[in-house]
Amino acid sequence: MISKFAAALLLLTVTIEAKPCFGRCGFGRPPPPCGLPPFLEDLPAEAQAKITEIWKDYKEGDKCYEEQGLTREVMESLPKDVRKSIHKRPPLPFLRGLPKDVIAKFDAIFKDKFIPFAQKPEKVDALAQEVLTGDNLKKFQEFKEKREKEEQEYKEKEAKLSPAAKEANEKLEALGKQKFAILEELDEEVKDELFDLWKSRPHGPPRPRH
């Protein structure tokens, strides 16, 4: 079973190359976390103001489907070239404000297909300790600690699954890995086509009714 920290790095790889789609991505990719998007400062001033207004009354822990939907609408109203320039920027806090050559070192690990998936978190951690300082290093440690806490919580919940639910979960995780492997092999134009298709879905997979 992959760790949550490793899964976060896996999702980051896709995020660097693709688009945040606010709940309408293809099956297997979760919506972004609730709250103001990490790329807010990179948006045009008018879009920043609209999104800030959308989230002004949100309280941590509340559901945020409406806010995510409205944020998605603002993002989709932007010109495609603006959206593409934003979505290619690393979204994680510990990478913000770093020189391009430093970001490129992390990016190389994320995208290197010859580094086994399970080894990437260790290599990212080693690189962070080597090149990050001050606030960026602090944010990396916070990110890592948060992911490790989530990993432990995930394992505890997973251990309580019924045999049927555990089997289904393992199959779904395998499908997620398959999807990622397929996306990795595609060029940028094909990825754009797929993400444009997925964001137009009005709903996710329907829940079976009995």
Side-chain angles (χ1 to χ4, degrees), residues 1-16 18-78 83 86-98 106 110 121 124-125 128 132 134-161 165 169 172-173 176 195 198-199 201-205 207:
M1 193 63 60
I2 63 174
S3 72
K4 294 289 279 185
F5 180 50
L9 294 176
L10 171 63
L11 289 174
L12 174 61
T13 308
V14 178
T15 304
I16 287 175
K19 308 176 180 182
C21 38
F22 294 93
R24 287 190 180 180
C25 299
F27 179 70
R29 189 169 175 212
C34 295
L36 291 169
F39 49 82
L40 181 67
E41 294 178 1
D42 298 325
L43 297 175
E46 184 179 356
Q48 286 190 41
K50 288 180 179 179
I51 293 176
T52 301
E53 178 69 17
I54 288 168
W55 291 94
K56 70 175 184 179
D57 296 323
Y58 171 75
K59 296 179 180 178
E60 187 173 355
D62 290 349
K63 300 292 185 182
C64 63
Y65 303 120
E66 181 177 358
E67 288 86 351
Q68 285 181 337
L70 293 172
T71 300
R72 181 180 63 248
E73 290 178 7
V74 173
M75 293 300 299
E76 291 177 0
S77 71
L78 297 173
R83 284 183 281 127
I86 292 167
H87 299 322
K88 287 182 179 294
R89 297 175 186 176
L92 293 181
F94 67 85
L95 294 178
R96 294 181 68 85
L98 292 175
F106 285 96
F110 298 144
V124 169
D125 184 63
L132 298 184
D135 193 48
N136 289 99
L137 181 58
K138 179 183 177 182
K139 288 179 178 178
F140 174 79
Q141 291 300 134
E142 291 173 349
F143 169 81
K144 181 181 176 182
E145 290 169 6
K146 180 180 179 182
R147 293 298 180 265
E148 289 175 345
K149 180 181 178 182
E150 290 174 349
E151 176 186 356
Q152 183 59 37
E153 292 174 350
Y154 179 86
K155 287 180 177 179
E156 290 173 358
K157 290 182 178 180
E158 185 182 44
K160 297 176 182 179
L161 290 177
N169 183 56
L172 290 170
E173 287 193 344
F195 285 111
W198 290 339
K199 76 180 183 184
R201 286 180 176 173
H203 303 289
R207 185 182 180 89

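Side chains are part of it too, since the values below use all heavy atoms of this structure and drop only hydrogens, waters and symmetry mates. Every value quoted in this text rests on a predicted model; they were computed, and no experiment measured them.
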Might you point out which heavy atoms bring A47 and V74 nearest each other, and give the distance in Å?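 Closest approach of A47 to V74: CB-CG1, 4.0 Å.
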Do K155 and E158 pass the salt bridge (charged side-chain N to carboxylate O under 4.0 Å, His left out) test, and can you show the C-alpha distance, the side-chain angles, and the key distance before you say yes or no? CA-CA 5 Å; K155 287 180 177 179; E158 185 182 44; over 6 Å; no
Look up atom CG in L70 and atom CD1 in I51, then write down how far apart they are to the nearest 0.5 Å.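 Between atom CG of L70 and atom CD1 of I51 there are 10.0 Å.
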Mind checking the CD-CZ spacing from E142 to F94? Nearest 0.5 Å is all I need.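 Going from CD on E142 over to CZ on F94, the span is 12.0 Å.
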Can K50 and E46 be said to form a salt bridge (charged side-chain N to carboxylate O under 4.0 Å, His left out), step by step? CA-CA 6 Å; K50 288 180 179 179; E46 184 179 356; 3.5 Å; yes
Is a side-chain donor-acceptor pair under 3.5 Å present for Q152 with E156?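 Result is yes, a qualifying pair exists.
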Might you point out which heavy atoms bring G35 and W55 nearest each other, and give the distance in Å?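 Shortest heavy-atom separation between G35 and W55 comes out as N-CZ3, 3.0 Å.
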Quick one: do K56 and E53 make a salt bridge, cutoff under 4.0 Å?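 Salt bridge between K56 and E53, a charged N being under 4.0 Å from a carboxylate O: yes.
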Among E145, K146, E153, which residue satisfies the side-chain contact (heavy atoms from CB on, under 4.5 Å) criterion with K149?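 Looking at E145, K146, E153, the match for K149 under the side-chain contact (heavy atoms from CB on, under 4.5 Å) is E153.
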Roughly how far apart are Q68 CD and M75 CE, rounded to 0.5 Å?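 Output value for this atom pair is 13.0 Å.
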4.5 Å side-chain heavy-atom contact, Y58 and L36: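 When only atoms from C-beta onward are counted, L36 and Y58 do not touch, as no gap falls below 4.5 Å.
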Take R147 and E150 through the salt bridge (charged side-chain N to carboxylate O under 4.0 Å, His left out) test and state the conclusion after the steps. CA-CA 5 Å; R147 293 298 180 265; E150 290 174 349; 3.5 Å; yes
Just verifying a value: how many Å separate D125 CG and L132 CG, rounded to the nearest 0.5 Å?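 Going from the CG atom of D125 to the CG atom of L132 covers 10.0 Å.
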I'd like to know if the side chain of Q48 reaches the main chain of L43, judged simply by a donor and an acceptor atom lying under 3.5 Å from each other, with no hydrogens or angles considered.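 Here the side-chain-to-backbone pair exists.
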Flag the pair L78 / P44 as yes when at least one side-chain heavy-atom distance between them is below 4.5 Å, and no otherwise.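 Of all side-chain heavy-atom pairs linking P44 with L78, at least one is under 4.5 Å.
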